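A short worksheet on the structure shown next.
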Amino acid sequence: MTAPWTPPPPRPYILTNATIINPLDGSLTRNATVQLSNGLIQTITTSPSPQRTPPNLTTTTITIDLTGKYLCPGLIDSHVHLTAVPGGRTLAETLQLNPERIKLRLPFVCQQILRRGFTTVRDCGGAYFALKEALSANIIQGPRLFLAGHALTQTGGHGDPRDSFTNTQPTSCCGGMILGIGRIVDGVDECVKAARDELRQGADFVKIMTSGGVASPTDTIEQVQFSAEEVAAITGVARQRGAYVTAHAYSAAAIRLAIENGVGGIEHGNLMDRETARMMAAKGVFLTPTMVSYVEIASEKWRGFLPAEMERKNQEVLDAGLQSLVLAREDGVTMCYGTDLLGGMTDAETGEFAIRAKVLGAREILQSATVNPARMLGMEGRLGQVKEGFVADLLVLDANPLEYITVLDAPERFLLAVLKEGRVQVSRWSKWPQDVFGELPVIE
């Protein structure tokens, strides 16, 4: 029986006179007609001049004139933590929020992400399969979700929230100890069991910590974590399941440990050197920098969110961050767009565009939020482009982000509509009303 929350099929649309943005080569296709049905881009045709409504349409087809507007692929944020919801004044309050309160705030968080133009996100620790199911089934409004489940960390590593005075041992189950968004595992056997269990619970990929981090109490940024044997065991499990492993890693040594033992992605990478960047490029490893997180934490607005020692670590990686982007670009590393924002900082999700624009070009930044992560997620034939046969995840913009990438940092000014799977999820445009969670039919 059909679930009562199942929405009707997406409406068929004809979008005329659109200017399509191609993030692959930075080209524009002008005066295009795009036909959408069943949540997909069915056809794209072009004409040298503005077009009239195509003939032979069904009576239910809706035509939208996009003269002067830009049609862009939906954006992908490749590093979020959805369950670190707003409401806490400090990191400790954010990570220790009552689970029931977290669940009740998640619909708001997911809806806001979609309103910024992100139709897909990759959660790197904390999200769970029931949330992915609810988003997929349109029970709540939000982006498509790929998730890691709990991030795997060693005792005393990034992801172990216990300080040096904590002696209690949490209950262990099914491989390792679960504490918040992390899962503490030590030794090859625990690593194998935990990786298998996260994949059993619906993880699309496995996240591990191979270096210290800003928000962990007992390590340094430069510290290398996990042994080669432990990393290889985890990547072996993922490979058997057709999945991949990504690693939180700042230092060159931590990045090399991960890559040499089969990891396919690196999160952050602020302290990498040229040799390591070249290794990443040669092996096709994806890099997801998250500069906006450090900028937000260092701002006066969030002063006191972290303890003083963590603030010092944040400044260390912030100072090195832009140079790592330059190295990655010069050596041909494939970069993805990521934010890693916690709590109320998620309001700054689009700020990564402006930060990267200090050292990178508009096309490569747009690629990092569309075609590159689509490839990392194994969805290069479905997501990241406005192309026939692709999912109709689309943004209608009032300006060209290939000319000014920062228009994506001002959705309230330039983002007119957001389509996910052919449905108008968000609209700030009077000519195209929302057709998700819309108004009820008038009966009087």
Side-chain angles (χ1 to χ4, degrees), residues 78-79 122-125 146-154 157-159 175-176 181-188 190-199 203-213 216 219 221-290 317 324 327-328 331-336 338 340 368 372-373 375-378:
S78 295
H79 192 126
R122 185 180 70 138
D123 190 285
C124 287
F146 293 85
L147 57 91
H150 295 95
L152 306 187
T153 182
Q154 68 175 43
H158 183 59
I181 66 174
R183 188 168 187 160
I184 303 168
V185 290
D186 295 292
V188 168
E190 279 194 355
C191 287
V192 167
K193 193 169 185 178
R196 288 174 176 166
D197 196 49
E198 293 299 333
L199 293 166
D204 299 291
F205 64 101
V206 179
K207 163 85 174 295
I208 65 173
M209 312 295 196
T210 61
S211 84
S216 42
D219 58 20
I221 290 292
E222 294 79 9
Q223 188 180 98
V224 177
Q225 298 175 1
F226 279 132
S227 67
E229 293 78 13
E230 288 169 321
V231 177
I234 294 167
T235 59
V237 168
R239 193 162 47 247
Q240 287 178 329
R241 286 287 295 264
Y244 69 96
V245 178
T246 195
H248 160 105
Y250 282 110
S251 68
I255 296 170
R256 288 196 298 271
L257 169 72
I259 295 173
E260 289 168 354
N261 290 284
V263 165
I266 296 296
E267 311 300 309
H268 317 304
N270 298 47
L271 303 179
M272 69 180 179
D273 56 22
R274 187 167 297 280
E275 178 187 358
T276 306
R278 289 173 176 169
M279 175 188 291
M280 292 181 66
K283 291 185 176 292
V285 174
F286 293 90
L287 174 66
T288 304
T290 57
V317 295
S324 70
L327 277 178
D331 290 306
V333 178
T334 302
M335 286 185 277
C336 297
D340 194 24
S368 75
N372 292 354
R375 186 153 59 89
M376 179 175 65
L377 296 169

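Worth saying up front: this structure is predicted, and the values here are computed from it rather than measured.
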Output the distance between atom [atom1] ([X]) and atom [atom2] ([Y]), rounded to the nearest 0.5 Å.
X: S216; Y: M209; atom1: OG; atom2: CE; result: 8.0 Å
X: M335; Y: S368; atom1: CE; atom2: OG; result: 7.5 Å
X: I259; Y: K283; atom1: CD1; atom2: NZ; result: 8.0 Å

With a 4.5 Å heavy-atom cut-off, do [X] and [Y] have their side chains touching?
X: H150; Y: E198; value: yes
X: L287; Y: M272; value: yes
X: E230; Y: I208; value: no
X: H268; Y: V317; value: no
X: T246; Y: M376; value: no
X: E267; Y: D340; value: no
X: F286; Y: S78; value: no

Take T235 and V263 through the side-chain contact (heavy atoms from CB on, under 4.5 Å) test and state the conclusion after the steps.
-> CA-CA 6 Å; T235 59; V263 165; 3.9 Å; yes

Give every residue pair that meets the side-chain hydrogen bond (donor to acceptor under 3.5 Å, both in side chains) criterion with at least one member in residues 253-263, sequence neighbours excluded.
->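 side-chain hydrogen bond (donor to acceptor under 3.5 Å, both in side chains) check on residues 253-263 returns R256-T276.
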
Using the side-chain contact (heavy atoms from CB on, under 4.5 Å) rule, take D123 and F205 through it: C-alpha gap first, then chi angles, then the decisive distance, then the call.
-> CA-CA 10 Å; D123 190 285; F205 64 101; over 6 Å; no

Report yes or no: does S211 contribute a side-chain atom to a donor-acceptor pair with the main-chain N or O of Y250 at less than 3.5 Å?
-> yes

Okay, side chain of D204, backbone of L147: is any donor-acceptor separation there less than 3.5 Å?
->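 Between the backbone of L147 and the side chain of D204 there is a qualifying donor-acceptor contact (under 3.5 Å).
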
Can you list the steps and then say if V237 with V206 is a side-chain contact (heavy atoms from CB on, under 4.5 Å)?
-> CA-CA 9 Å; V237 168; V206 179; over 6 Å; no

For the residue pair H158 and H248, categorise the inter-ring angle as parallel (less than 30°), tilted (30 to 60°) or perpendicular (more than 60°).
-> parallel

